[in-house]
Amino acid sequence: MQAGTSKGKAKGDSEGQMELLDNETFLERLKGLFEGTKSKGTVWLTQKRSFSALIKNDVDTYDPNGEAPAVSQNDDAEYKCLLRATDGHVKFETLILSAELGKFHAAYAALLKASMATLRKRDKKKEKQKAEQAALWKKKLAEEIVIEGAKRGNGRRKRVRRIKAAIRQDEERKAAAKREEQRSKGETGV
């Protein structure tokens, strides 16, 4: 590979670079991103307070890594809200002033509501099937395995299989009790 060429990028692709947009352009591009992923795809949205873009600083001093600026931060300083969007390929972001936050969030919420129509419903059939399987497993653990059959001769193999099944069942019961104990400790510790 030659020095200076980028690996994995084709045709001047800007993958990996975050593009800073104004609020209106951000909403338009986000709408396009939602429309592009309507049938298949994912959109990730990130929102946080921006330490690097204080109002007294200019966009020229913006640090995309979110590092705190070297300028001393006053208590009365206003922060901007940083909102990022990506589908894994296209990445862009905007900085919202605290004074414009209400207006922006109204437009942003309307856009999100309109885009939520394409979400898939949960597959409750699979969840129900898993719950039924778990109930059957618990029922099977509760039943005692009857060890019967001759110690020698006809029925010996059947008896040995049942003894092994009883041992496995006992081990599974102990493991299930241990999991329940850990789960209950986790719930009370929170």
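FYI, side chains are in, hydrogens and waters are out, and symmetry mates aren't considered; it's all heavy atoms of this structure. Numbers for residues simply follow the sequence, beginning at 1.
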Just list the side-chain donor-acceptor pairs under 3.5 Å for residues 106-117, sequence neighbours left out, or say none.
{"from": "S115", "atom 1": "OG", "to": "L111", "atom 2": "O", "distance (Å)": "2.9"}

Go through the structure and list residues passing side chain to side chain contact (heavy atoms under 4.5 Å, CB included) with [X], not counting sequence neighbours.
| X | answer |
| --- | --- |
| R157 | R161 |
| A166 | I145, I147 |
| R168 | K164, A165 |
| D22 | E24, T25 |

How long is the span from the [atom1] atom in [X] to the [atom2] atom in [Y], to the nearest 0.5 Å?
| X | Y | atom1 | atom2 | value |
| --- | --- | --- | --- | --- |
| R29 | F92 | CZ | CZ | 5.5 Å |
| K130 | E127 | NZ | CD | 8.0 Å |
| L95 | L82 | CG | CG | 5.5 Å |
| K80 | E100 | NZ | CD | 9.0 Å |

- [ ] Could you tell me whether the side chain of Q47 reaches within less than 4.5 Å of the side chain of R84, counting heavy atoms only?
- [x]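 Side-chain contact under 4.5 Å: no.
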
Extract all donor-acceptor atom pairs below 3.5 Å that involve side chains of residues 149-156 and protein atoms in other chains or at least two apart in sequence.
none

Can you list everything that forms a salt bridge (Lys or Arg N to Asp or Glu O under 4.0 Å) with [X]? Sequence neighbours excluded, please.
| X | answer |
| --- | --- |
| E132 | none |
| D87 | none |
| R183 | E180 |

- [ ] Please name the residue in the list L21, L83, T86, L20 that meets the side-chain contact (heavy atoms from CB on, under 4.5 Å) test with E93.
- [x]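 Passing option: L20.
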
- [ ] Any pair with a residue in residues 135-147 that passes salt bridge (charged side-chain N to carboxylate O under 4.0 Å, His left out), sequence neighbours left out, goes on the list, sorted by first then second residue, please.
- [x]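 Non-adjacent pairs meeting salt bridge (charged side-chain N to carboxylate O under 4.0 Å, His left out): E144-R173.
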
- [ ] Give me the ring orientation class for F26 and F104: parallel if the planes are under 30° apart, tilted from 30 to 60°, perpendicular past 60°.
- [x]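 Ring orientation, 0 to 90° scale: tilted.
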
Distance-only donor-acceptor hits, side chain of residues 32-46, under 3.5 Å, sequence neighbours excluded:
{"from": "T37", "atom 1": "OG1", "to": "L33", "atom 2": "O", "distance (Å)": "3.0"}
{"from": "T37", "atom 1": "OG1", "to": "F34", "atom 2": "O", "distance (Å)": "3.3"}

TODO: Under 4.5 Å between side-chain heavy atoms, chaining through other members, with only Ile, Leu, Val, Met, Phe, Trp and Tyr counted: pull out the rest of the cluster around L136, sorted by chain and number.
DONE: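 Taking Ile, Leu, Val, Met, Phe, Trp and Tyr as members, L136 stands alone, with no cluster partners.
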
